[in-house]
**Student:** 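Questions regarding the structure given below will be posed in turn.
Quick caveat: nothing in here was measured; it's all calculated off a predicted structure. We name chains A, B, ... by the order of the sequence lines, and we start the count at 1 in each one.
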Amino acid sequence: MSSESPHTPDAPLTTTGTRQVPDRVSLDGVETRWDDAWTAQDLYAFDRTATREQVYSIDTPPPTVSGSLHVGHVFSYTHTDVVARFQRMRGREVFYPMGWDDNGLPTERRVQNYYGVRCDPSLPYDTDFTPPFEGGEGKSGPQVPVSRKNFVELCERLTVEDERLFEALWRRLGLSVDWSRTYQTVSAESRAVAQQAFLRNLARGEAYQAEAPGLWDVTFQTAVAQAELEARDYPGAFHRVAFHGADGPVYIETTRPELLPACVALIAHPDDERYQHLFGTTVRSPLFDVEIPVLAHTLAEPDKGAGIAMCCTFGDLTDVQWWRELQLPTRSVVGRDGRILRETPEWLGSEEARARYEELAGKTTFSAREAVVAGLRETGDLDGEPVNTQRKANFYEKGDKPLEIVTSRQWYIRNGGRDESLRDALLARGAELGFNPDFMKVRYENWVSGLNGDWLVSRQRFFGVPFPVWYPLDQDGEPLHDKPLLPTEDQLPIDPSSDVPEGYTADQRGVPGGFVADPDIMDTWATSSLTPQIVGGWRTDPDLFSRVFPMDLRPQGQDIIRTWLFSTVVRSHLEHGSLPWSSAAISGWILDPDRKKMSKSKGNVVTPIGLLEEHGSDAVRYWAASARLGTDAAFEIGQMKIGRRLAIKVLNASKFALSFGAADEPLSLDPALVTSEIDRAMLAGLADVVDKATAALLAYDHTRALELSETFFWTFCDDYLELVKDRAYGDPSPETVSARAALAIALDVLLRLFAPVLPFATEEVWSWWREGSVHRAPWPTAEPLRTSADPAVVSAAGSALAALRKVKSEAKLPLRTEITAVELVVPATMRPGVESALDDIRAAGRVTGTLTLVDGDGETCVARDAVLVPPAPKA
RNA sequence: GGGCCUGUAGCUCAGCUGGUCAGAGCGCCGCGCUUACACCGCGGAGGUCGCCGGUUCGAAACCGGCCGGGCCCACCA
């Protein structure tokens, strides 16, 4: 438990013991070694006695387990882990769980194929069910129907294996998740939370049922919500069709002639001169001979098509609006299977029309269109030939056929789409939420402002969280939808298709006077929108919930702001009257080298585990941490190599800095021992870095923090370390002690600065000379490092050293070449710094003779008239 | 059509609210096994800061327009 690792922010900087630095350092095997150690220590376990003020809670996105993790996941989850580690070191008790999303279409399909089963909610639960096979791929063979409960059990069985692999990857990546706190979106607890939240929405009138036209996917045979729409190009053709008016034909243009029998009006703009004389009159439709009114509505656009539109029930969302606002009749002809309804409608105007219809009945819209067009040709009502066009059609994001609009009974949750005051309240929530980067906020605002209806939460699928609702059946066996039977909260979760409502017996299911289950399941976002409640124990552990909610951070991708982020805000607003979290961190995409979004399409997929094995986890994390939030990043192996180099440099520089003095002699971290000017200047510079890096991390700018630390570190290695190493080697004198203490203090701080990004390398070094874990060590503060010295002393001395090195480099001589005499031209601003570090400069530059300082006015030091004595060739 | 982001050395990117910058790393060229590191070190070359105007004493940075890239909404007659 965490109590073993004190992490007070004010821990003294004076502890140390003996050192055990390996002769050869390496990153090989650090990932598994430290993951094992951290697990054994329960290093990242959440201490639930912490108060809300002490806690930093993260609403981690649950990855879909039936897919596979890709580089983009590694990228964005690293961002979150950097935040988690930083906050933990700052002394916050970090609540960092991991969820698995196993509730959705991808899992449903995978289970079907893997076990050769198909969910049929009407079946009873079979306690001894054994699937026909395991490990199936593809869709071969018949599928055995099983009850929903059996299906869910199979799902849970299969996903356990996926989850194990996912966890192994996350552990190797070094995510500091509390692995005792995982959740599944399909678990009983998740289902119970989803059902309870729904029942509360229902009780407060925020959830309601309505029979209304809505977008419908004919392949999946389910209703689809606005947030799941995708507009895609779809080939179509304009057909110019004649309606028969009293004064001759009225031509309209349509891309959906098969909807002709569903036509309820012709509509033109009220100001359109061409149609003034027709408003208020009627025409008759071709082929089907129905009397159709000609009406005016401002939504009709005079420059589109013929300027007068055929309104059908329903061709598109504009039709729905006209139908509603002009109170038009309903004449549906497309069924839920996407085919023309088999029953011949009664509104058709003649025997001939009925015959025409019967030819269409049962056909797909595509075939029906061909038949209607043929009919129009025959009667001469098609003017000219169809003109091909590219139009946009709405698709379900997972579907491949354009959506139809059909009337159905569905559940909705209010989200401001039809209610201005709720919309304003949700916009205010968005304004209250700290988006990182902040421009992501406008995506939220645009989406909420553009909502045109409430949130459709019911889906006509089988696998998912069922609505906890039954309906009584009247004496005719018809369900009474307005008198739902509901379970109590303590009965949850329930499956209405196998559980029985209070006051009924199982044999009354489906019989007149009995009851029937609501057949639908909830939208996957209806569960996902409750991740804070699921993981925080809202239903079963109010004490925990009060300590973690409202949470601190929601990390996620920008593509699901309109879905996951928004729906979570809606649920929290309705249930708790607050935001679900105070901040959101939005990660960008990973682009492949061609600047395309890295997708799962073959060719540009790199398996994450392969990356981690090849480059090391710290290296991959470094690449991820080098990209700002909200910005797309290139998949760059080069950046990982730089990260690996940095991690190895940390190892080597640390080994060196710890090598001075006897290994069994404690190293002091007391700043009071640091007396030499350049040492004090180095620490002063480090103090600035600590301040700026801390501020950057608090602002969710991990990139800037890393850059600051890294830049300092390389200068520290290349200049400072070179300058002081001779002094540090010496016999203990105040100057030697100063150098050693400064090195130890700087190392101690640098390791902690790098710990969030390079958890393995820093922990490795920490273990050589410190107790406990660097990841529970306090985040460094600037105060103990602050001195009166000017950080510029280090750069001045560095410039002087560079000048001496350059002389040797240009003479093509080794750096250990001695300089017996040299003039150093020093800019006035650097003079004090160079003078104060002169002994170190001489030592590092191997200046054994005279070194004369001359005033100069450049920006760097320049060495001239150097007398070089090359080292004797090696024997 | 509306909105957001973006265009800086061959590559990946820094350049915070206009006045040391034209920068870093990679790559490239040259040199060097220096008692931490050759999974390294040192030195060097490389750019009209997309284009055109404007504001200003001064713009890569601010404003307008254009061009190019990415994304989100709207567009189904």
**Student:** Closest approach of A/A761 and A/L651, non-hydrogen atoms and distance?
**Tutor:**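 Smallest interatomic distance, heavy atoms only, reads O-CD1, 3.7 Å.
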**Student:** Quick check with a 6.0 Å cut-off and a 45 degree axis cone: is A/R562 positioned over the face of A/W447's six-membered ring?
**Tutor:**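 Yes, a cation-pi geometry.
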**Student:** Does A/R816 put a side-chain nitrogen or oxygen below 4.0 Å from OP1 or OP2 of B/C31?
**Tutor:**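 Looking at the OP1 and OP2 atoms of B/C31, neither is under 4.0 Å from any side-chain N or O of A/R816.
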**Student:** Using heavy-atom distances to pick each residue's nearest nucleotide on RNA chain B, tell me which of A/P814 and A/R805 is more 5'.
**Tutor:**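 Looking at the nearest nucleotide for each, A/P814 comes out on the 5' side.
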**Student:** Say you pick atom C1' in B/A45 and the same atom in B/G10; how far apart are they, in whole Å?
**Tutor:**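 To the nearest whole Å, 13 Å.
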**Student:** Mind checking who B/C66 pairs with, Watson-Crick or G-U wobble, both distances under 3.5 Å?
**Tutor:**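 B/C66 is paired with B/G50.
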**Student:** Using a cut-off of less than 4.0 Å, is there contact between a side-chain N or O of A/K808 and OP1 or OP2 of B/U34?
**Tutor:**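 Checking B/U34 against A/K808, no side-chain N or O comes under 4.0 Å of OP1 or OP2.
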**Student:** Assign A/N446 to base, sugar-phosphate, or nothing according to its heavy-atom contacts below 4.0 angstrom with the strands shown.
**Tutor:**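 Answer is sugar-phosphate: A/N446 comes under 4.0 Å of backbone atoms only.
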**Student:** Under a 3.5 Å cutoff, is there a donor and acceptor pairing between the side chains of A/H79 and A/S587?
**Tutor:**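 Short answer, yes.
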**Student:** Which part of the nucleic acid, if any, lies within contact of A/Q558, taking any heavy atom under 4.0 Å across all strands shown: a base, the sugar-phosphate backbone alone, or nothing?
**Tutor:**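 Result for A/Q558 = nothing.
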**Student:** Taking the same atom, P, in B/G41 and in B/G27, what whole-Å distance lies between them?
**Tutor:**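 About 11 Å, rounded to a whole number of Å.
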**Student:** Name the closest nucleotide to the A/K649 side chain, picking from B/C76, B/G70, B/G41.
**Tutor:**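 Closest nucleotide among those given: B/G41.
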**Student:** Write down the distance between CZ (A/F712) and C1' (B/G25), rounded to a whole number of angstrom.
**Tutor:**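 After rounding, the reported distance stands at 19 Å.
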**Student:** Please state how far atom CD in A/E301 lies from atom C1' in B/G1, giving the value in whole angstrom units.
**Tutor:**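 A/E301 atom CD is separated from B/G1 atom C1' by 11 Å.
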**Student:** Closest approach to the side chain of A/R645, judged atom by atom: which nucleotide of B/G43, B/C4, B/G25 is it?
**Tutor:**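 Side chain of A/R645 sits closest to B/G25.
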**Student:** Nearest-nucleotide wise, let me know which of A/G307 and A/K812 is further upstream toward the 5' end of RNA chain B.
**Tutor:**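 Nearer the 5' end of the strand: A/K812.
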**Student:** What's the CG-C1' distance between A/D438 and B/U17, to the nearest Å?
**Tutor:**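 Going from A/D438 (CG) to B/U17 (C1'), I get 13 Å.
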**Student:** Look at A/D719 together with A/R805 and state whether they make a salt bridge at an N to O cut-off of under 4.0 Å.
**Tutor:**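 A salt bridge links A/D719 with A/R805.
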**Student:** Would one find a side-chain N or O of A/Y729 under 4.0 angstrom from OP1 or OP2 of B/A36?
**Tutor:**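 For B/A36, OP1 or OP2 has a side-chain N or O of A/Y729 closer than 4.0 Å.
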**Student:** Using whole Å, report how far CD of A/E253 lies from P of B/C75.
**Tutor:**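 Rounded to whole Å, this separation is 19 Å.
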**Student:** Think A/T255 has a side-chain N or O under 4.0 angstrom from the OP1 or OP2 of B/A77?
**Tutor:**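 Yes, because at least one side-chain N or O of A/T255 sits under 4.0 Å from OP1 or OP2 of B/A77.
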**Student:** Do the numbers put A/R232 on top of the ring of A/F395, so that NZ or CZ is under 6.0 Å from the six-membered ring centre and no more than 45° off the axis?
**Tutor:**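 Yes, cation above the ring, under 6.0 Å and within 45°.
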**Student:** Using a heavy-atom cut-off of 4.0 Å across all strands, would you classify A/D319 as base, sugar-phosphate, or nothing?
**Tutor:**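 Result for A/D319 = nothing.
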**Student:** Taking the side chain of A/I642 as its heavy atoms from C-beta onward, which of B/G25, B/C4, B/G43 lies nearest to it?
**Tutor:**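 Nearest to the side-chain atoms of A/I642, counting from C-beta on, is B/G25.
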**Student:** CG of A/D718 versus P of B/G25: gap in Å, rounded?
**Tutor:**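 Rounded to the whole Å, the gap is 10 Å.
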**Student:** Output yes when at least one side-chain N/O atom of A/K304 is less than 4.0 Å from OP1 or OP2 of B/C76, else no.
**Tutor:**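 A/K304 to B/C76 OP1/OP2: side-chain N or O found under 4.0 Å.
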**Student:** Does the A/T736 side chain pair with the main chain of A/A728, one donor and one acceptor, at a distance under 3.5 Å?
**Tutor:**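 Not a single qualifying donor-acceptor pair exists.
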**Student:** Using a heavy-atom cut-off of under 4.0 Å over every strand shown, decide if A/C311 touches base, sugar-phosphate, or nothing.
**Tutor:**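 A/C311: no heavy atom of the nucleic acid under 4.0 Å.
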**Student:** Would you indicate what A/Q639 reaches in the nucleic acid, counting non-hydrogen atoms under 4.0 angstrom: base, sugar-phosphate, or nothing?
**Tutor:**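 The answer is nothing, as A/Q639 stays clear of every strand by at least 4.0 Å.
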**Student:** Taking the P atom of each, how far is B/C72 from B/C62, in whole Å?
**Tutor:**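 Between the two P atoms, the distance is 26 Å.
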**Student:** Side chain of A/A634 only, heavy atoms from C-beta on: which candidate in B/C73, B/C13, B/C76 is closest?
**Tutor:**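 So the nucleotide nearest the side chain must be B/C13.
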**Student:** So, for A/F75 and A/F635, is the gap between ring centers shorter than 6.0 Å?
**Tutor:**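 No, the ring of A/F75 stays outside the 6.0 Å limit from the ring of A/F635, centre to centre.
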**Student:** Looking only at the side chain of A/A300 (C-beta and beyond, no hydrogens), which of the listed nucleotides B/A77, B/A36, B/G43 gets closest?
**Tutor:**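 Selected nucleotide: B/A77.
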**Student:** Look at the side chain of A/K725 and decide which nucleotide, out of B/C71, B/G3, B/A36, has an atom nearest to it.
**Tutor:**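 The closest nucleotide is B/A36.
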**Student:** Output the single nucleotide from B/A77, B/C75, B/C39 whose closest atom is nearest the side chain of A/A231.
**Tutor:**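 Comparing B/A77, B/C75, B/C39 against the side chain of A/A231, the answer is B/C75.
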**Student:** At 4.0 Å (heavy atoms only), tell me whether A/L801 reaches a base, stays on the sugar-phosphate, or touches nothing.
**Tutor:**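 If one applies the 4.0 Å heavy-atom cut-off, A/L801 turns out to touch nothing in the nucleic acid.
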**Student:** Roughly how many Å apart are B/A59 and B/G19, using the P atom of each and rounding to a whole number?
**Tutor:**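 Looking at atom P only, B/G19 and B/A59 are 12 Å apart.
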**Student:** I want to verify a distance call: between B/C76, B/G30, B/A77, whose nearest atom is closest to the A/A309 side chain?
**Tutor:**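 When the side chain of A/A309 is considered, B/A77 is the closest of B/C76, B/G30, B/A77.
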**Student:** What's A/W623 touching, base or sugar-phosphate or nothing? Going by heavy atoms closer than 4.0 Å.
**Tutor:**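 The answer is nothing, as A/W623 stays clear of every strand by at least 4.0 Å.
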**Student:** Measure centre to centre between the rings of A/F660 and A/F656, then say whether the value is under 6.0 Å.
**Tutor:**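 Ring centres of A/F656 and A/F660 closer than 6.0 Å.
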**Student:** Under the rule syn = chi within 90° of 0, otherwise anti, which is B/G68?
**Tutor:**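 Anti.
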**Student:** Rounded to the nearest Å, what distance is computed from the CG atom of residue A/L708 to the C1' atom of nucleotide B/G15?
**Tutor:**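 The answer, rounded to whole Å, is 13 Å.
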**Student:** Describe the nucleic acid contact of A/E810 in one word from base, sugar-phosphate, nothing, applying a heavy-atom distance below 4.0 Å.
**Tutor:**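 If one applies the 4.0 Å heavy-atom cut-off, A/E810 turns out to touch nothing in the nucleic acid.
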**Student:** A/E859 has a side chain; which of B/C42, B/C39, B/U20 sits nearest to it?
**Tutor:**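 When the side chain of A/E859 is considered, B/U20 is the closest of B/C42, B/C39, B/U20.
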**Student:** May I ask you to verify if any side-chain N or O of A/R562 is less than 4.0 angstrom from the OP1 or OP2 atom of B/C73?
**Tutor:**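 Checking A/R562 against B/C73: at least one side-chain N or O falls below 4.0 Å of OP1 or OP2.
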**Student:** Of the listed nucleotides (B/C11, B/A36, B/C39), which one gets closest to any side-chain atom of A/R644?
**Tutor:**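 Of the options given, the side chain of A/R644 lies nearest B/C39.
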**Student:** Verify the contact: side-chain N or O of A/R628 to OP1 or OP2 of B/C13, cut-off strictly under 4.0 Å; return yes or no.
**Tutor:**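 No, because none of the side-chain N or O atoms of A/R628 sits under 4.0 Å from OP1 or OP2 of B/C13.
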**Student:** Roughly how far apart, to the nearest Å, are B/G3 and B/C11 at atom C1'?
**Tutor:**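 Here B/G3 and B/C11 have their C1' atoms 31 Å from each other.
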**Student:** Does the base of B/A24 carry an N or O that pairs as donor and acceptor with the side chain of A/E710 under 3.5 Å?
**Tutor:**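 Flag unset: no donor-acceptor pair detected.
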**Student:** Side-chain N or O of A/K806 less than 4.0 angstrom from OP1 or OP2 on B/G44?
**Tutor:**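 Checking A/K806 against B/G44: at least one side-chain N or O falls below 4.0 Å of OP1 or OP2.
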**Student:** Salt bridge or not for A/D618 and A/R644, using N-O below 4.0 Å?
**Tutor:**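 Result for this pair is no, no salt bridge flagged.
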**Student:** Grab the CZ-P distance between A/F660 and B/U35 for me, whole Å please.
**Tutor:**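 These atoms are roughly 13 Å apart.
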**Student:** Under 3.5 Å for both donor-acceptor distances, Watson-Crick or wobble: does B/A14 have a partner, and if so which one?
**Tutor:**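 Check on B/A14: unpaired, no WC or wobble geometry under 3.5 Å.
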